[in-house]
Amino acid sequence: MRAWFDSNLALLRERDPSLASLVEAWDPARAGNDGPAGRAAAAAPVIIFPPKEPPSLPEAWRGARLPLDAEVALEQCEEGPVLSLRAPVAARLTSRASEREDKALAERFLREAGDSALGGVTALGLGLGWHIERVSGKIAGAPLWIFEAAPQIWAAAFRARDLGAILRRPETRFFCGACAPLPRGAPAAVMARPAALKFFPGMYPEPARGSPPGKAAPRAAGAAAEALPSLAANSKGGALAAGAANSKDNALAAVAANFEDETLAAGASGEGAPAGAEEPEARPPLLLPDLSGNARPAPSRSPLRPRVLFFRSGYFLDREIRSAVARLSWPCALWEISDFRDAEKDREKDFKRLLGTIRDFRPDFVLTVNHLGFDEGGLLAGILARLGIPAATWFVDSPWFILKGAELGAWSDLWAFAWDSDYLAPLRELGFPGAAYLPLAADEALLEAGARGPGEGPYARDIAFVGDSLEAATEKYLALARAPRAILPETDALAAAFLESPGFLPDLAALTAGGPLSPPGRPRLSEFLECPAARLALEALVTWRASRIARVRLLSAMPPGLLTVAGDPGWQGLLGDGVSLPGAVAGQGALGDFYRSSRVNLNVTSAQMKTGMNQRVFDAPAAGGFLLTDRRAQLEGLFEASELCVYSEPAEARDLALWHLARPDARRRLAERTRRAVAERHLYRHRLPELARTVLGRAAA
């Protein structure tokens with residue numbers, strides 16, 4: 001073992017004399033550092049790095065940020081040398097490295113890379129180097145950058161085995177110290193030991209020049225947490241679904257208290273950059289701030305490339321947000337949200353996993369959609385507030401139906417964004433003082449597909465609408481209200497009145513004040529209004545039935561034989577003869593093709609948006625389709641009059657559709673103008689920087 005240390009050190013000194021002097025200083029048996037503790041360690045089966053008295057740093061490393069209190073033990077076992085790490089600086093992290101474990105890591109990495117050409121590898125964590133040696137054999141002549149935060153591990157690995165195959169490699173570069181982010185030019189394929197991510201959390205290399213973000217290699221910059229699975233929460237199931245827990249939940253409160261008391265009370269580490277790092281950028285402290293109420297250092301956050309913890313729910317905007325984050329090359333970690341039907345112990349386990357992700361990833365802010373993932377009582381919000389980590393929730397449905405009736409906590413540290421500016425005042429009333437307007441947008445994948453041009457051909461549709469009949473929503477809210485379908489005639493009468501009203505919420509009491517709408521003997525809607533939960537469900541039912549009425553009115557006004565309606569089976573029997581019903585359009589790619597191959601795409605906005613606009617306004621033009629949409633006041637702030645074709649009534653929509661069907665050149669020119677407007681101003685990669693600037697700017701203020 002001693003001979004290996006000397007030969008490895010000699011090879012390193014030829015390549016990096018400064019790092020070699022640092023590793024040599026950590027050898028327990030070296031002269032000047034071999035007191036009684038050091039001599040005993042050198043002769044024992046288990047060698048501790050460093051000994052009780054850590055060595056002084058060589059001059060070149062004075063002031064460098066190193067995890068000097070990490071205790072590394074090297075032991076000779078039957079399976080060979082075994083390295084173990086106990087690091088108080090990383091929340092009492094313990095880790096283990098051996099030939100078997102290192103090689104398993106390498107095989108997993110190569111298996112995930114598949115047949116992709118690795119243009120180089122960035123290794124986070126040295127371990128005993130078996131994994132690096134295995135992968136280096138697959139990338140002959142390509143760059144190999146090795147990052148190891150602790151000099152103790154360098155010294156232990158040098159003593160454990162012959163690392164000549166790695167050290168002699170001309171394309172290998174070595175880095176030591178708790179540095180972040182990766183220097184520019186680091187290979188995009190990242191192989192990470194789990195323990196290394198405690199010291200290099202969320203590190204991503206810069207994308208290769210000329211390469212689209214996320215496409216340079218199988219683990220390229222901007223590929224979000226899918227590109228570094230060990231960064232993600234990896235909790236498939238279990239979350240704090242909105243309304244599923246509150247601050248009185250003793251189990252989760254105990255988990256949170258333990259998290260605060262034992263994990264975060266260590267304070268923040270110093271600043272500094274490692275030797276050899278190129279163009280370092282400001283980072284938050286290595287550890288999260290003290291929760292005791294003492295003064296804490298303010299994290300250094302950049303709105304240009306923030307670190308985002310995204311609550312992944314599989315709901316609307318989930319894929320679009322993750323895609324935009326990847327294209328923006330923002331470091332991202334994910335927390336999977338479930339509906340909390342799991343056992344109590346699984347619920348606690350997943351909450352612990354979330355807290356661990358917050359601790360290890362150190363996000364600049366948390367992002368979720370429709371407040372999913374936050375508990376009613378504000379337990380999680382309180383933790384984030386005490387850590388100084390802002391959170392943003394992007395409402396893309398009525399916050400009234402999401403939050404009304406909940407025992408809401410104080411959301412003063414949460415920034416709420418509404419896709420419809422009409423909901424800003426209600427959000428502030430619900431306890432979100434930081435409410436801001438953030439409209440929907442288009443996914444860039446649709447825009448790229450739209451570059452192929454309109455899909456004119458023998459199967460092209462004349463007038464088309466793709467959307468739901470809302471029959472499933474009807475059944476859902478009837479069940480929640482525990483009401484029979486017999487109340488639907490009265491509900492639909494209220495829904496028709498709601499369509500004509502200026503309010504964005506149906507007022508059931510006001511709408512039913514004129515007297516009974518149901519025939520004698522039939523159940524009346526008023527019989528189900530006493531229970532607050534039933535009233536809320538019936539308000540939602542009226543809203544969705546109003547949207548259904550608006551859709552049927554528009555589609556019924558279209559000329560016979562020219563209309564195609566794609567959606568669910570609920571459309572059967574709702575429309576007259578001569579309407580083609582091909583079924584659902586599955587997948588974003590198919591939806592883009594549908595928009596592009598339809599000569600006129602119809603849009604009608606849901607009743608919950610009285611002046612706002614829906615997703616179809618952005619998606620259909622992005623895909624290259626011509627859009628005919630209903631007039632909405634908020635359109636004027638996003639599009640020029642020459643960029644959209646709008647109608648006020650179903651009859652006007654029919655006339656405009658026929659006019660544009662007869663003028664394909666005018667139709668194509670307008671479609672191209674609308675698509676250009678979306679490309680320049682209305683993509684999700686435009687919206688997310690706006691959100692980040694708002695959240696991080698307010699947090700700094």
Asker: Only one of Asn603, Asp630, Asp420 forms a side-chain hydrogen bond (donor to acceptor under 3.5 Å, both in side chains) with Asn614, so which one is it?
Answerer: Asn603
Asker: Quick one: closest heavy-atom pair of Phe465 and Val604, and the distance?
Answerer: CE1-CG1, 4.0 Å
Asker: Write down the atom of Ile487, the atom of Leu541, and the distance for their closest heavy-atom approach.
Answerer: CD1-CD2, 4.5 Å
Asker: Looking at Arg312 and Glu336, is any side-chain nitrogen of the basic one under 4.0 Å from a carboxylate oxygen of the acidic one?
Answerer: yes
Asker: Is any side-chain N of the basic residue among Asp665 and Arg669 closer than 4.0 Å to the acidic one's carboxylate O?
Answerer: no
Asker: How long is the span from the CZ atom in Phe365 to the CG atom in Leu414, to the nearest 0.5 Å?
Answerer: 13.0 Å
Asker: Decide yes or no for Leu628 and Ile463: does some side-chain heavy atom of the first lie under 4.5 Å from some side-chain heavy atom of the second?
Answerer: no
Asker: Above 12 or not: heavy atoms from other molecules or residues under 6.0 Å from CD of Glu475?
Answerer: yes
Asker: Does Thr474 reach the side chain of Trp544, with side-chain heavy atoms less than 4.5 Å apart?
Answerer: no
Asker: Test side-chain contact (heavy atoms from CB on, under 4.5 Å) on Val396 and Asn370; report intermediate values, then the result.
Answerer: CA-CA 6 Å; Val396 296; Asn370 280 358; 3.7 Å; yes
Asker: Closest heavy-atom contact between Phe316 and Val369?
Answerer: O-CG1, 3.7 Å
Asker: Are Phe639 and His682 packed together at the side-chain level, in the sense that at least one heavy-atom pair is separated by less than 4.5 angstrom?
Answerer: yes
Asker: Could you check whether any side-chain N or O of Arg654 sits under 3.5 Å from a backbone N or O of Pro559, counting only pairs where one atom can act as donor and the other as acceptor?
Answerer: no
Asker: May I ask you to decide whether Arg675 forms a salt bridge with Glu643, counting only side-chain N to carboxylate O separations under 4.0 Å?
Answerer: no
Asker: Hey, are Arg632 and Thr611 close enough side-chain-wise for a donor-acceptor pair under 3.5 Å?
Answerer: no
Asker: Could you tell me whether Asp619 and Arg616 have a side-chain N and a carboxylate O separated by less than 4.0 Å?
Answerer: no
Asker: Would the distance check show the side chain of Thr491 and the main-chain N or O of Val542 forming a donor-acceptor pair, the cut-off being under 3.5 Å?
Answerer: no
Asker: Can Arg687 be said to sit on top of Phe618's aromatic six-ring, NZ or CZ under 6.0 Å from centre and within 45° of the ring axis?
Answerer: yes
Asker: Which pair of non-hydrogen atoms, one from Ala692 and one from Pro306, has the smallest distance, and what is that distance?
Answerer: CB-CG, 4.1 Å
Asker: Side chains of Val565 and Leu563: does their closest heavy-atom pair fall under 4.5 Å?
Answerer: yes
Asker: Between Thr605 (side chain) and Met609 (backbone), is there a donor-acceptor pair under 3.5 Å?
Answerer: no
Asker: Go through it in stages, so that I can follow the logic: the residues are Arg461 and Ser598, the test is side-chain hydrogen bond (donor to acceptor under 3.5 Å, both in side chains), and I'd like the CA-CA distance, side-chain angles, deciding distance and then a yes or no.
Answerer: CA-CA 5 Å; Arg461 291 162 287 275; Ser598 301; 3.1 Å; yes
Asker: Which pairs, with at least one residue in residues 656-677 and sequence neighbours excluded, count as a ring pair (Phe, Tyr, Trp, His ring centres under 6.0 Å)?
Answerer: Phe626-His660
Asker: Spell out, as yes or no, whether a donor-acceptor pair under 3.5 Å connects the side chain of Glu672 to the backbone of Arg668.
Answerer: no
Asker: Show every donor-acceptor pair shorter than 3.5 Å between a side-chain atom in residues 423-438 and any protein atom, with sequence neighbours excluded, or say none if there are none.
Answerer:
{"unit_1": "Tyr423", "atom_1": "OH", "unit_2": "Gln608", "atom_2": "O", "d": "2.7"}
{"unit_1": "Arg428", "atom_1": "NH2", "unit_2": "Ala435", "atom_2": "O", "d": "3.3"}
{"unit_1": "Tyr437", "atom_1": "OH", "unit_2": "Gln634", "atom_2": "OE1", "d": "3.1"}

Asker: Any donor and acceptor pair, going by atom type alone, linking the side chain of Glu539 with main-chain N or O of Phe401 inside 3.5 Å?
Answerer: no
Asker: Could you walk me through whether Glu471 and Arg551 pass the salt bridge (Lys or Arg N to Asp or Glu O under 4.0 Å) check?
Answerer: CA-CA 12 Å; Glu471 181 62 26; Arg551 293 183 178 190; over 6 Å; no
Asker: Taking all non-hydrogen atoms of both residues into account, name the closest pair between Ala442 and Ala622 and its distance.
Answerer: CB-CB, 3.7 Å
Asker: Is Arg307 close enough and on-axis enough to Phe361, meaning under 6.0 Å and within 45°, for cation-pi?
Answerer: yes
Asker: Side chain of His371, backbone of Leu403: donor and acceptor closer than 3.5 Å?
Answerer: no
Asker: Do any N or O atoms from the side chain of Asn601 and from the backbone of Ala620 form a donor-acceptor pair under 3.5 angstrom?
Answerer: no
Asker: Any chance the rings of Phe417 and Trp394 have centres within less than 6.0 Å?
Answerer: no
Asker: Do Asp422 and Lys610 sit within salt-bridge range, that is, some charged N less than 4.0 Å from a carboxylate O?
Answerer: no
Asker: How many angstroms lie between atom CD1 of Ile321 and atom SG of Cys332, to the nearest 0.5 angstrom?
Answerer: 10.0 Å
Asker: What pair of heavy atoms forms the shortest contact from Val121 to Pro187, and how long is it?
Answerer: N-CB, 3.3 Å
